[in-house]
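Reviewing the structure listed below.
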Amino acid sequence: MDQIVIRGGQRLKGRIPISGAKNAALTLLPCALLTDEPLTLRNLPRLADVDGFGHLLNQLGCSTTIEGSRPEDFGRVMTARATTLTSTVAPYDIVRKMRASILVLGPLLARAGEATVSLPGGCAIGNRPIDLHLKALEAFGAEIELASGYVKASAPGGRLAGGRFTFPVVSVGATENAVMAAVLASGTCVLENAAREPEIVDLCNCLVAMGAHIDGIGTETLTIEGVDRLHGATYRVMADRIEAGSYACAAVITQGDVELVGANAAEMDATLAALREAGATVEETKAGIRVAMSGRAEPVTLSTAPYPGFATDMQAQFMAMATLGTGASLFTETIFENRYMHVPELARMGCDIQVKGRTAIVRGVEGLVGAPVMATDLRASMSLIIAGLAAEGMTEVNRVYHLDRGYERLEEKLQAVGADIERISAG
Ligand code: EPZ
């Protein structure tokens with residue numbers, strides 16, 4: 001397994017290109033299943049999860065062709081076309097490796113009137129149930145059966161009727177599956193307390209470009225009037241707001257000055273406010289967002305929440321940044337039940353962090369010491385990179401396959417702004 005080795009102490013200075021958003025790409029790719037015409041996605045990030053999703057689409061009979069990239073994009077262009085579906089089954093061996101595979105459930109049900117998808121199971125950060133996905137689909141008329149680890153969904157008469165569903169808990173994935181199921185229903189579907197993440201706005205905008213009728217985009221109430229068919233489209237994946245926020249934390253902890261090229265400040269209010277609370281200079285530029293810091297970070301008090309609140313996907317990275325700050329910072333993780341896996345690893349580097357249930361208190365220390373550490377999940381592994389960039393000496397991050405799921409060309413991007421970082425391939 002590859003390792004990433006960092007010799008800390010370099011201030012990051014320069015421009016970091018921000019790739020297309022992983023969590024937008026993973027909900028845009030399944031949209032190709034909703035039509036027999038080609039869907040072309042631009043600015044698609046080069047990530048393990050994107051490749052994995054392409055493989056899943058191929059298994060279902062959807063062709064995927066990479067067409068290079070355009071100069072104004074950092075990502076690739078991929079055209080996906082499901083002229084006819086050859087399968088409506090998402091098998092366990094694929095779903096268990098990438099839980100976002102569950103996002104083929106809604107589109108398969110809409111296009112083919114049936115779907116058999118393995119239950120994704122839990123992961124490091126929580127047990128990640130999909131009950132809300134299933135309840136929303138049932139509200140639209142789907143019949144759902146759970147058998148030997150699989151969800152078997154069908155639409156009576158081959159087409160969902162429509163209906164109304166209020167989410168008791170905001171769920172990004174369940175909102176995405178429900179929207180993709182609703183666009184081809186015979187009637188109108190209404191979702192209340194829907195997730196409002198920018199990635200869902202991207203999904204809705206892409207579906208509208210394909211001919212869907214969706215009102216309330218960006219709000220917590222989505223009204224989808226079903227249509228008989230969708231057509232192909234070309235759509236550009238939004239910039240990755242979590243990648244941008246992650247590199248912003250790296251700039252602050254190294255007391256650097258970076259420009260996040262392609263980042264969209266309008267989608268990052270809570271993250272930018274947290275950076276300013278930590279004492280960083282944050283300003284919009286023509287090309288993106290500039291983040292600069294001199295001195296140690298001020299203490300922050302951050303509680304994760306659904307968008308537009310402070311993103312749970314930014315918690316581990318801000319915690320790493322706070323470890324070298326002044327005073328005590330307080331974090332509350334309200335979304336996932338086990339999203340502090342980075343804490344024991346950060347402690348190996350000399351961080352002072354105390355976890356009590358859903359809250360963590362981080363007391364800033366004068367310095368961190370590089371150490372061998374273990375990545376456990378995507379954002380936890382980024383927090384270890386961030387700490388390593390500012391630690392004294394060498395940090396070895398193991399199990400970097402977690403990182404490769406969500407951070408495109410991480411070492412290249414950090415080397416380009418002065419980090420002493422390299423990947424050691426284990427062959
Ligand atoms: C998406 O996961 C993201 N993944 C996650 O990013 C992100 O952390 C999460 O949204 C929250 O923003 C992708 O977009 C591929 P949820 P998702 O459904 O959809 C509970 C990353 O690091 N819940 O919004 O799985 C759930 O247990 C990843 O990029 C149910 O109870 O998250 C959690 O407590 C990690 N029943 C809460 O809702 C359900 O049916 C929010 O989960 C679904 C969810």
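Fair warning: this is a prediction, and the values are worked out from it, not measured in the lab. Both counts, for ligands and for their atoms, begin at 1 and track the order of listing.
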Legend entry - Nitrogen or oxygen of V172 less than 3.5 angstrom from that of ligand 1: yes
Legend entry - Residues forming a ring-ring contact (aromatic ring centres under 6.0 Å, His included) with Y92, sequence neighbours excluded: none
Inset, instruction - Please write down residue, atom name and distance for the protein heavy atom closest to atom 18 (O) of ligand 1. - result: S171 OG, 2.7 Å
Legend entry - Part of L134 within contact of ligand 1 (heavy atoms, under 4.0 Å): neither
Legend entry - For atom 7 (C) of ligand 1, the option (of L132, N23, V169, D313) bearing the nearest heavy atom: D313
Legend entry - Element-labelled atoms of ligand 1 that are located less than 4.0 Å from some non-hydrogen atom of K22: 21 (C), 29 (O)
Legend entry - Residue-ligand contact R339/ligand 1, heavy atom below 4.0 Å: yes
Legend entry - Pick from P120, P129, G309: the one approaching atom 31 (O) of ligand 1 most closely through a non-hydrogen atom: P129
Legend entry - Closer than 4.0 Å: a protein non-hydrogen atom to atom 20 (C) of ligand 1: no
Legend entry - ligand 1 contact on R379 by region, counting heavy-atom pairs under 4.0 Å: side chain
Inset, instruction - Examine the side chains of T40 and T79 and answer whether a donor and an acceptor come within less than 3.5 Å of each other. - result: yes
Legend entry - Spacing of I253 atom CD1 and I385 atom CD1 [to the nearest 0.5 Å]: 12.0 Å
Inset, instruction - With heavy atoms only and a cut-off of under 4.0 Å, state how A174 meets ligand 1: side chain, backbone, both or neither. - result: neither
Inset, instruction - Ignoring hydrogens and angles, tell me if any N or O in the side chain of S329 forms a donor-acceptor pair with the backbone of V300 under 3.5 Å. - result: yes
Legend entry - Where ligand 1 meets G173 - atom numbers and elements under 4.0 angstrom, heavy-atom basis: 18 (O), 19 (O)
Inset, instruction - Would you mind telling me which of R339, H342, R379 makes a side chain to side chain donor-acceptor pair (under 3.5 Å) with Q315? - result: H342
Legend entry - Protein heavy atom at shortest distance from atom 41 (C) of ligand 1: I335 CG2, 3.6 Å
Inset, instruction - Let me see the working for D377 and H402 under side chain to side chain donor-acceptor pair (under 3.5 Å), right down to the final yes or no. - result: CA-CA 6 Å; D377 59 270; H402 289 294; over 6 Å; no
Inset, instruction - Would you check, one step at a time, whether the test side chain to side chain contact (heavy atoms under 4.5 Å, CB included) holds for V291 with V252? - result: CA-CA 7 Å; V291 178; V252 171; 4.0 Å; yes
Inset, instruction - Report the nearest protein non-hydrogen atom to atom 2 (O) of ligand 1: residue, atom name, distance rounded to 0.1 Å. - result: R128 NH2, 3.5 Å
Legend entry - Protein contact of atom 26 (C) of ligand 1 - nearest heavy atom, named by residue and atom, plus distance: F336 CE2, 4.2 Å
Inset, instruction - Could you tell me whether F331 and Y340 have their ring centroids closer than 6.0 angstrom? - result: no
Legend entry - Nitrogen or oxygen of T312 less than 3.5 angstrom from that of ligand 1: no
Legend entry - Numbered atoms and elements of ligand 1 in range of I130, under 4.0 angstrom, heavy atoms: 39 (C), 40 (O)
Legend entry - D131 N/O to ligand 1 N/O under 3.5 Å: yes
Legend entry - Set of residues satisfying side-chain contact (heavy atoms from CB on, under 4.5 Å) with respect to D36, sequence neighbours excluded: R111, R229
Legend entry - G126 near ligand 1 by a heavy-atom separation under 4.0 Å: no
Legend entry - Qualifying residue, where the test is side chain to side chain contact (heavy atoms under 4.5 Å, CB included) with L33 and the options are L60, T88, L109, L103: L60
Inset, instruction - Run the numbers on E333 and T312 for side chain to side chain donor-acceptor pair (under 3.5 Å), then give the verdict. - result: CA-CA 7 Å; E333 174 54 63; T312 175; 2.9 Å; yes
